[in-house]
Amino acid sequence: QVQLVESGGGLVQPGGSLRLSCAGSGYIFSDYYMGWYRQAPGKERELVAGITSVGIRRYAEFVQGRFIISRDNAKNTVYLNMNNLQPEDTAIYYCYRGGNHWGQGTQVTVSS
């Protein structure tokens, strides 16, 4: 059974940083594309960043160089390092694995 467990969310001031982690289990982690999505209140879920099994990355336009996605296949974990966070980054952030598998989400709130 595929499980994705996120951690690392929280409250941060504008300009601050957070690192999200997503631990995958129940499958061969290194074989799969992993992604981070987010959903703000009243908005649709949107892609933030993705990384393929061989490490090719892609980012949403709004990231603008502020976030970095990475993976550690030895630890079955994908990360999202987020810098220069702004209030508009406030959302629930979800980990995604190909085949429509989602984590439970972790709240990120950017506020002074």
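Residue numbers run from 1 in the order of the sequence given.
Annotation: the span from Gln1 atom CD to Gln3 atom CD amounts to 5.5 Å, rounded to 0.5 Å. With rounding to the nearest 0.5 angstrom, the CD atom of Gln107 is 9.5 Å from the CG atom of Leu11. Put simply, CD on Gln104 and CD on Glu6 are 4.5 Å apart, with the number rounded to the nearest 0.5 Å. Between the CD1 atom in Ile51 and the CE atom in Met34 there is a gap of 10.0 Å [rounded to 0.5 Å].
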Discussion item. Between Tyr93 and Trp36, does the ring-ring contact (aromatic ring centres under 6.0 Å, His included) criterion hold? Intermediate values first, please.
Written reply: CA-CA 7 Å; Tyr93 284 69; Trp36 286 98; 7.4 Å; no

Worksheet entry | Derivation of the side-chain contact (heavy atoms from CB on, under 4.5 Å) call for Cys22 and Val5 | CA-CA 5 Å; Cys22 171; Val5 180; over 6 Å; no

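Proximity of a side-chain donor or acceptor of Arg71 to a complementary backbone N or O of Asn76 within less than 3.5 Å is not detected. In terms of modelled atom types and a separation under 3.5 Å, the side chain of Tyr59 and the main chain of Ile69 share a donor-acceptor contact.
Following chains of ILVMFWY side-chain contacts shorter than 4.5 Å, one can reach Tyr32 starting from Val2, so the two form part of one hydrophobic cluster. Hydrophobic clustering of Ile, Leu, Val, Met, Phe, Trp and Tyr side chains at less than 4.5 Å, counting indirect connections, unites Phe29 with Leu4. Note: the hydrophobic cluster containing Tyr96 does not contain Leu20 (ILVMFWY, side chain heavy atoms under 4.5 Å, direct or indirect links).
Of all non-hydrogen atoms in Ser21 and Thr77, the two that sit nearest each other are CB-CG2, 4.2 Å. In terms of heavy atoms, Pro14 sits closest to Ser112 at CD-N, 3.7 Å. Considering every non-hydrogen atom in both Leu85 and Leu18, the closest pair reads CD1-N, 3.9 Å. Between Leu80 and Ala49 the shortest heavy-atom distance is CD1-CB, 4.2 Å. In this structure, Val63 and Val48 approach most closely via the heavy-atom pair CG2-O, 3.6 Å. Scanning all heavy atoms of the two residues, the minimum distance from Asn84 to Asp89 falls at O-OD2, 4.3 Å.
The side-chain tip of Arg97 does not point at the ring of Tyr33 from less than 6.0 angstrom away and within 45° of straight on. Taking the ring centre of Tyr94 as origin, the terminal cationic atom of Arg38 falls outside the region bounded by 6.0 Å and 45° from the ring axis.
Asn83 and Ser17 share a donor-acceptor pair across their side chains, judged by distance under 3.5 Å alone. Counting only N and O atoms by type, the side chains of Arg45 and Tyr37 include no donor and acceptor under 3.5 Å apart.
Between Met82 and Val108, the closest side-chain pair of non-hydrogen atoms falls below 4.5 Å.
Crowding of Glu88 atom CD: a count of heavy atoms from other residues, nucleotides or ligands under 6.0 Å exceeding 12.
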